[in-house]
Amino acid sequence: MDGYYAWMLMSSSLVLMMTVPALALFYGGMSRSKSVLNMMMMSFTALGVVGIVYVLWGWSMSYAGTNVAGLFANPFSAFGLKGVDYADYVYVAFQLTFAVITAALISGAIADRVKFSAWLVFLPLWVTLSYFPLAHMVWGGGFLSGASEHGLSATLFGFVDGAAKVIPQDYAGGTVVHINAGVAGLVLVLLIGKRLGFGAEPMKPHNLTLTMIGAGLLWFGWFGFNVGSIVFVAGDGGEKDIAQFMSETGVTWINTTLATCAAMLAWLAVERLRDGKGTSLGAASGVVAGLVAITPSCGSVDVYGALIIGVVAGAACAYAVGLKYKFGYDDSLDVVGVHLVGGIVGTVLIGVVSSASAPGGVDGLLYGGGVKPLVVQTLTAAFAIAWSAIATLIVGLAIKYTLGWRITEESESEGIDFNEHGESAYDLGLSGGARRAGALVGAVAATSSSKEEANA
Amino acid sequence: MDGYYAWMLMSSSLVLMMTVPALALFYGGMSRSKSVLNMMMMSFTALGVVGIVYVLWGWSMSYAGTNVAGLFANPFSAFGLKGVDYADYVYVAFQLTFAVITAALISGAIADRVKFSAWLVFLPLWVTLSYFPLAHMVWGGGFLSGASEHGLSATLFGFVDGAAKVIPQDYAGGTVVHINAGVAGLVLVLLIGKRLGFGAEPMKPHNLTLTMIGAGLLWFGWFGFNVGSIVFVAGDGGEKDIAQFMSETGVTWINTTLATCAAMLAWLAVERLRDGKGTSLGAASGVVAGLVAITPSCGSVDVYGALIIGVVAGAACAYAVGLKYKFGYDDSLDVVGVHLVGGIVGTVLIGVVSSASAPGGVDGLLYGGGVKPLVVQTLTAAFAIAWSAIATLIVGLAIKYTLGWRITEESESEGIDFNEHGESAYDLGLSGGARRAGALVGAVAATSSSKEEANA
Amino acid sequence: MDGYYAWMLMSSSLVLMMTVPALALFYGGMSRSKSVLNMMMMSFTALGVVGIVYVLWGWSMSYAGTNVAGLFANPFSAFGLKGVDYADYVYVAFQLTFAVITAALISGAIADRVKFSAWLVFLPLWVTLSYFPLAHMVWGGGFLSGASEHGLSATLFGFVDGAAKVIPQDYAGGTVVHINAGVAGLVLVLLIGKRLGFGAEPMKPHNLTLTMIGAGLLWFGWFGFNVGSIVFVAGDGGEKDIAQFMSETGVTWINTTLATCAAMLAWLAVERLRDGKGTSLGAASGVVAGLVAITPSCGSVDVYGALIIGVVAGAACAYAVGLKYKFGYDDSLDVVGVHLVGGIVGTVLIGVVSSASAPGGVDGLLYGGGVKPLVVQTLTAAFAIAWSAIATLIVGLAIKYTLGWRITEESESEGIDFNEHGESAYDLGLSGGARRAGALVGAVAATSSSKEEANA
Amino acid sequence: MKLITAVIKPHKWEDVREALETFGVTGMTVSEVSGYGRQKGHTEVYRGAEYDIALVPKIRIEIVVDDSDAADVVDIVVKTAQTGRIGDGKVWVAPVDSVVRVRTGERDEAAL
Amino acid sequence: MKLITAVIKPHKWEDVREALETFGVTGMTVSEVSGYGRQKGHTEVYRGAEYDIALVPKIRIEIVVDDSDAADVVDIVVKTAQTGRIGDGKVWVAPVDSVVRVRTGERDEAAL
Amino acid sequence: MKLITAVIKPHKWEDVREALETFGVTGMTVSEVSGYGRQKGHTEVYRGAEYDIALVPKIRIEIVVDDSDAADVVDIVVKTAQTGRIGDGKVWVAPVDSVVRVRTGERDEAAL
Ligand SMILES: Nc1ncnc2c1ncn2[C@@H]1O[C@H](COP(=O)(O)OP(=O)(O)O)[C@@H](O)[C@H]1O
Ligand SMILES: Nc1ncnc2c1ncn2[C@@H]1O[C@H](COP(=O)(O)OP(=O)(O)O)[C@@H](O)[C@H]1O
Ligand SMILES: Nc1ncnc2c1ncn2[C@@H]1O[C@H](COP(=O)(O)OP(=O)(O)O)[C@@H](O)[C@H]1O
């Protein structure tokens, strides 16, 4: 199994790369030139903060600790990876990167207007209240998993020899990652309010080439995300596991790619029909929508199932991103429209197009599996939405009434990069900075005579 | 072999990354700021369309179907991967990414002037008529492979125990990918015509940093492309295969790197001698030229062979990119100059510098292997050129006289990004978009009072 | 072990990617818009030149040749990989990428002012006199390794059954790579002098998004750098090695991530306290500082050790980058402040926080290992500093009094991109280049009538 | 003819444009400029080096108008661009001998 | 002395420059600006949000000339920049008291 | 009132600003422009295609001043921006009827 192990090392690295720099680029390019750095910083610090928190108590609270009411595990039993076998560190690594990107995804909803300090405080609180518990419930044998006798599905449809009759399916994180991030984004937007001039001033992407790089690197990294999420049946690292590794991963790779291709084209088609032209932002958005939707289902559908999920997700999200203008919530970079909607589409459609012929699949509605899988998938999604909403509300309100979320109106209209980070992203003038020129103030004395010495 | 398998998962992901975002960046940076998005979109949609087509009938038509006259396989026998073993999905994945990038490479020749719709129609037709057949002929046991009794080489020099006496060599796609794309580019350019102002107006790269990122990521991805292209002698996944994997791949990695380094320096040297200065675009171009030329030969040469191929390719391409001005064909981003010329150099030079000491090599001219290998390599290249030219001509003409290829002259001089995609790539003004400001028209009503509510 | 082997293929590719494009981007973004291309070219050509030199005599001089006084190995015995087993090529590949990035790192210190030709001459000389010997001393069983009976540590504290009593620790290159590059940068800066207007004119980063991409990709690549640096105890590719691979790498991955997260936050904290605001450049710099410091120690500390090293490195470097203004040396992109300081912090702290509980660690001061490890680590660093300084001085002076290092003052103030490469990085005007417009001079005749023919 | 040059705060541009449109100004030429004045710029710190950014982004508008409209146009710009905070900008009026519409060659009043 | 300011379509810049060079204009100052006028801008749609881009890219040329040359220079610009399509731009002429060549301190005629 | 327009070499901007500040100029408007004149641009070569870059980057400064200050300001700019090498730039002076401070509506002298 050292081949599988090598793949896990690679997958963990790939998923870390999804947050930094991929997501930072995807979001940064869509923001305005006066706030791109703040946008990127939210992804960088999500990695900085959650990376540490995860090792301290995240792993313990998700997988290692003793189960508390099926909702989360004891955060202290494996605090700082106490007692965790070195051979399991790679799984800590892999799971760590998931927690990181989930938190980072949220930042897109609250672009341009949030105190950097508020974000830094939000991160550890949110992953602790929302992410770690949901990870435990879905993947840690908790309330939303098929392994728990008192779990949602078991309670509904029974439990036989150690597993729920109808196993809830979330291969790589439709609920834990995307629905969770999407809901959190929505709740924060409602708490924090709109950007100045939302809906009135132009707020177009300032650099679509960055967004395209980001989308491409996200796709690349997503192979680690989805294909790396294989769980072994035997689990003893023997022949059977190797055989499973050497076939299931091929399927998840292909499904991931197919759904993403389909979603890209579907989004472009919607734009063509609605707006007359397919855009590059649309292609990039479609890519992400497809990746999101296939995340929970990549192991449980065949090629046609993947195509269907991709098409539906691409089209649905392409429409969904318009809703914020209708209802007037400023989900700035469409975390709701893409991750919440895409996550729901992927999670629920499993109940319809999942196929027993796929490595990790049971027959869905379409394959005569009846309505039960659909019910389980839907209720699982619903529960995840509720949990995430409440957890985020608690954290969000706590910050709102202590630190406060918003920067001042002046700062916001001048640009958050200046005011929260004291920087500007670009200085492209060929006159070498003259346009935004300024004298160097700090510690100059010692070097004032530099011109003379230059060739010393 | 799960280690090899893990490498194939990685290689497939790397090669996909070569098209999106690497090639999109490499090309995008070289185009003008008014057409960068369209350029990138051609790579993105190449992945979107060909990715799906490949799974539907591409794999079947290349490898899985029953052979038709050694030219292609039955596209329907394994339609939608019907009957394909899950354990083989990884090979589908790997091959899929090759088809995608080959199609995407073509877009560089026809930058700035082609209807987006025409490109979307071109993609599936071209891969079906040109790529899948050539892949079958060269790698699918078809007419250009050493395994076919009625193949080119067998016919010329005989066939003994299951293989042509002189085995045609194309390790990773000199003919199928680079010559194929280069010829297609040339044919389309001649059909479609020049950009307005070609040779008169300045058409310099608008953002060389993108081109440098692209070149770097292409190099990175190319390790998947070349090193992943290993074919096993035993093929039973046993000791011998593992041993081959654990030695041959080291050689292809080193050869890929050496040739690329050499080509980069050779291109810079030519520029220094001819123009007085070595440029960054030259370095980036040399990198790609070297990667192209070593693609067919990375398994069949030793370190000196790799250096020779790199130097020749770098220098040859550096001169070749100037030809379009002499002969007046607007191969906008030098698909001909780099991929056709580089592909020929690499494919033909094998006949000279290939060495039996290399894992996959037979002795070439230089190593006393006589002229036969050279003849086989040359004729193989020639046949590939002819096939690709005819196939592209058919598709190109069909589109020319139906949809039509060109956008209007106004659109072209105004910029294809505006006119085909309704976007502009950059809005860098620190005044947050004011420079190209505009009122938000769509669905604003509901949010017009946003300023007041901002802090609600 | 083919899984481990697959990981080494991947690691080699990752580390190559660190130089091109990651480092090129990280440095390029920090330079001014009139010198970004030159900056990137220094990384590209470091790969081009050192890549070839390494295969010719670098490997031989570091590992393959017969030992000369423990300082370096015979460069000719394995010239051009003569006699090197194909199965070992992957190690050549991996080590090659280390030599490349070490040389490339130096370029940051001498930005904006150095003749491109001087850089091209510097590269092969410097790696030959400084890098290859140090690699031999530390990793090739030479004077600074624990395997040498006459080595530094053995001489000090004795040598029992084939190993020094106190084994010097440098897991992935704190001395060979970072201290080495940092010292070289400092020496060159002192030889070459300051940029015109250093300390007086503004020299702010021209495009921080590039720097952020670079930092992110460096992090990604660094997993290959650190995690790929595992050395096996048994070394026979048997069960024990596999077991070591499947546990030690998880630890190095986690430690690498933890230290980097901690350093990022530490740097931001220093900025917040000192300057009032945490910056994106600070986050990116902290990331690199953390990666540098954990490089030598990633295998010899536990999670708390990694956190300590990260925090110290982040804070120390954040202060160190200010020193150049105090002392008036123009270490333009802080190679000294980040790589020399970070490398020393990481190398020396091993003596304090290293723990026997870690896979590759012995107990340091903090774990009752006494002061000896600290002494060994410190003296090793000191020796590396001395060697690098002398070697660089020799090469630097040789070039200064032959070719000369500096471009003319006019060229420098106008911009090195124009004057050394004849290019400008950006042409973003939506008017398609008009702003910096110019008539196309070269070989136009044949195409002057292009407008008419455009639709031919 | 008069040439009215207005230097205003970027986020005021939209309002000004609308106001002028309503008044009947059919054309203007706009550019991104940097302003230096009482309104102080920012301080940026890069790796410990502090930069005093003296310049602040402004929008510069040029409008050629009939002598008769000059006063009104100036008032409109001043009224709509005003925030009352330092840095609101300046508007100046200068004489123009003649203006031509490139498309038609029409001159002066007819060219506007 | 007169200052001639011309706002033209970007792709016409090369032709205008050549024409002026031939006429004997030895120098000018050029900037990228945005134009607002009869020529309508584009509509861009980003994720369903439609933006009405009122401004179109233009090139702005400033030429200081002798009173005697003013008329000719204006005519040349108008002739060469003309496409006949809306948005060709404007040219205006304004009085200049004096001009100095920084390098030498020469004034007026001598400074051109 | 006079409008002084100066086109200078970018790396001279800092010096000019300081000099004007010392003299008492409290505000100006600055833009990045391209200059065309005796100073020849560069030649750039991209994949064998040679481009003759006719334009060189310049900084353009606009200063509205009292008639009484005009001469001094021009001299200061000329003195500080001078390198003696071709391409140092031009400074021209034009009449201004009136100037308004947007923030306060103050006019002319009071607006500066
Ligand atoms: N004398 C001047 N000439 C030209 N432009 C000026 C002048 N003084 C100020 N400006 C422009 O007006 C802007 C606002 O001026 P400032 O002094 O900052 O605030 P206020 O006008 O409210 O006193 C400046 O940024 C500059 O662009
Ligand atoms: N009154 C004006 N003052 C200054 N510039 C103007 C004015 N009217 C038009 N322009 C400039 O001239 C350009 C072309 O004018 P427009 O009305 O679009 O077309 P046309 O001049 O052909 O009628 C505009 O984009 C703008 O830059
Ligand atoms: N007639 C002119 N009108 C407007 N600007 C001019 C004129 N002539 C020169 N300039 C500006 O002055 C700059 C320097 O002029 P140039 O002829 O190159 O050098 P010099 O002024 O030293 O002779 C030019 O780049 C251009 O921006």
Side-chain angles (χ1 to χ4, degrees), chain A residues 2-6 9-10 12-13 16-17 20-21 24-25 28 36-37 40-41 44-45 47-49 51-52 55 80-81 86-90 92-93 96 116 207 210 213 420-423 425-430 432-433 437-440 442-444 446-448 450-451 453-456, chain C residues 1-4 6-7 10 32-34 193-202 204 206-209 212-213 216-217 219-220 223 227 242 245-251 253-254 257-258 261-262 264-265 275 277-281 283 303-304 307 322 325-328 359 406 415 424 426 428:
Chain A
D2 64 324
Y4 159 71
Y5 186 89
L9 284 176
M10 197 58 230
S12 307
S13 310
L16 183 134
M17 185 275 292
V20 169
L25 289 165
V36 51
L37 295 179
M40 297 183 87
M41 282 294 270
F44 270 70
T45 48
L47 175 48
V49 172
I52 291 172
V55 167
L81 304 188
Y86 286 156
D88 291 337
Y89 270 42
V90 74
V92 177
L96 175 156
F116 186 49
N207 188 343
L210 295 185
I213 306 176
E420 287 290 287
H421 305 294
E423 295 172 293
Y426 303 100
D427 186 5
L428 298 177
L430 265 167
L440 177 65
V444 179
T447 56
S448 52
S450 56
K451 276 203 185 61
E453 294 162 40
N455 286 321
Chain C
M1 288 296 274
D2 65 323
Y4 159 70
W7 173 248
M10 198 57 230
R32 289 170 292 179
S33 58
K34 62 183 178 181
K194 306 176 180 106
R195 286 170 293 179
L196 290 176
F198 170 70
E201 285 172 24
K204 43 179 285 205
H206 87 287
N207 188 342
L208 284 168
T209 64
M212 300 291 266
I213 306 176
L217 291 180
W219 194 334
F220 178 50
F223 289 119
V227 180
I242 293 182
F245 172 61
M246 289 177 65
S247 59
E248 184 169 322
T249 52
V251 176
W253 197 102
I254 288 286
T257 302
L258 275 179
C261 293
M264 183 207 300
L265 299 181
D275 316 323
K277 286 165 182 169
T279 68
S280 65
L281 180 59
V303 296
Y304 298 105
L307 286 171
Y325 296 108
K326 216 189 248 84
F327 298 113
R406 299 282 294 230
S424 51
Y426 304 100
L428 299 177

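Source: prediction; values computed, not measured. Below, chain A is the first sequence line, B the second, and so on; all start at residue 1.
For a residue to count as touching a neighbouring chain, one of its non-hydrogen atoms must lie under 4.5 Å from one of that chain's; by this rule L265(C) touches chain A with the side chain only. Only the backbone of E420(A) comes within less than 4.5 Å of a heavy atom of chain C; no side-chain atom from C-beta onward does. Interface residue T257(C): only side-chain heavy atoms are found under 4.5 Å from chain A. Of the two parts of L307(C), only the side chain, counted from C-beta on, holds a non-hydrogen atom closer than 4.5 Å to a non-hydrogen atom of chain A. Heavy-atom distances place both the backbone and the side chain of L47(A) under 4.5 Å from chain C. For a residue to count as touching a neighbouring chain, one of its non-hydrogen atoms must lie under 4.5 Å from one of that chain's; by this rule F245(C) touches chain A with backbone and side chain alike. Contact of L81(A) with chain C is made through the side chain alone, with heavy-atom distances under 4.5 Å. Contacts between M10(C) and chain A at a heavy-atom distance below 4.5 Å involve the side chain alone, from C-beta outward. Contacts of M264(C) with chain A are made by side-chain atoms alone, with heavy-atom separations under 4.5 Å and no backbone atom involved. For a residue to count as touching a neighbouring chain, one of its non-hydrogen atoms must lie under 4.5 Å from one of that chain's; by this rule I242(C) touches chain A with the side chain only.
In terms of heavy-atom pairs under 4.5 angstrom with chain C, the leader among G48(A), A87(A), S12(A) is G48(A). For chain C, the option among A93(A), G80(A), G422(A) with the highest count of heavy-atom pairs below 4.5 Å is A93(A).
Rounding to the nearest 0.5 Å gives a distance of 10.0 Å between CD of E248(C) and OH of Y86(A). Note that CG of L428(A) and OH of Y426(C) are 5.5 Å apart. Values are rounded to the nearest 0.5 Å. Atom CG of D427(A) sits about 4.5 Å away from atom NZ of K204(C), to the nearest 0.5 Å. In this structure, F223(C) CZ and L16(A) CG are separated by 4.5 Å, a value rounded to the nearest 0.5 Å. Note that the CG atom of L210(A) and the CE atom of M212(C) stand 11.5 Å from one another [nearest 0.5 Å].
The minimum heavy-atom distance linking A283(C) with M41(A) is given by the pair CB-SD, 3.6 Å. Closest non-hydrogen pair, V251(C) versus Y89(A), comes out as CA-CD2, 3.7 Å. For L258(C) against I52(A), the heavy-atom pair with the smallest separation is CD2-CA, 3.9 Å. For E423(A) against L208(C), the heavy-atom pair with the smallest separation is OE2-CD1, 3.4 Å. Taking all atoms of both residues into account, the shortest heavy-atom contact from C261(C) to G51(A) is SG-CA, 4.1 Å.
Between the side chains of Y5(A) and T249(C), at least one donor N or O lies within less than 3.5 Å of an accepting N or O.
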Kindly determine whether W253(C) and S13(A) satisfy side chain to side chain donor-acceptor pair (under 3.5 Å), including the steps that lead there.
CA-CA 9 Å; W253(C) 197 102; S13(A) 310; 3.0 Å; yes

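No donor-acceptor pair under 3.5 Å is formed between the side chain of H421(A) and the backbone N or O of S280(C).
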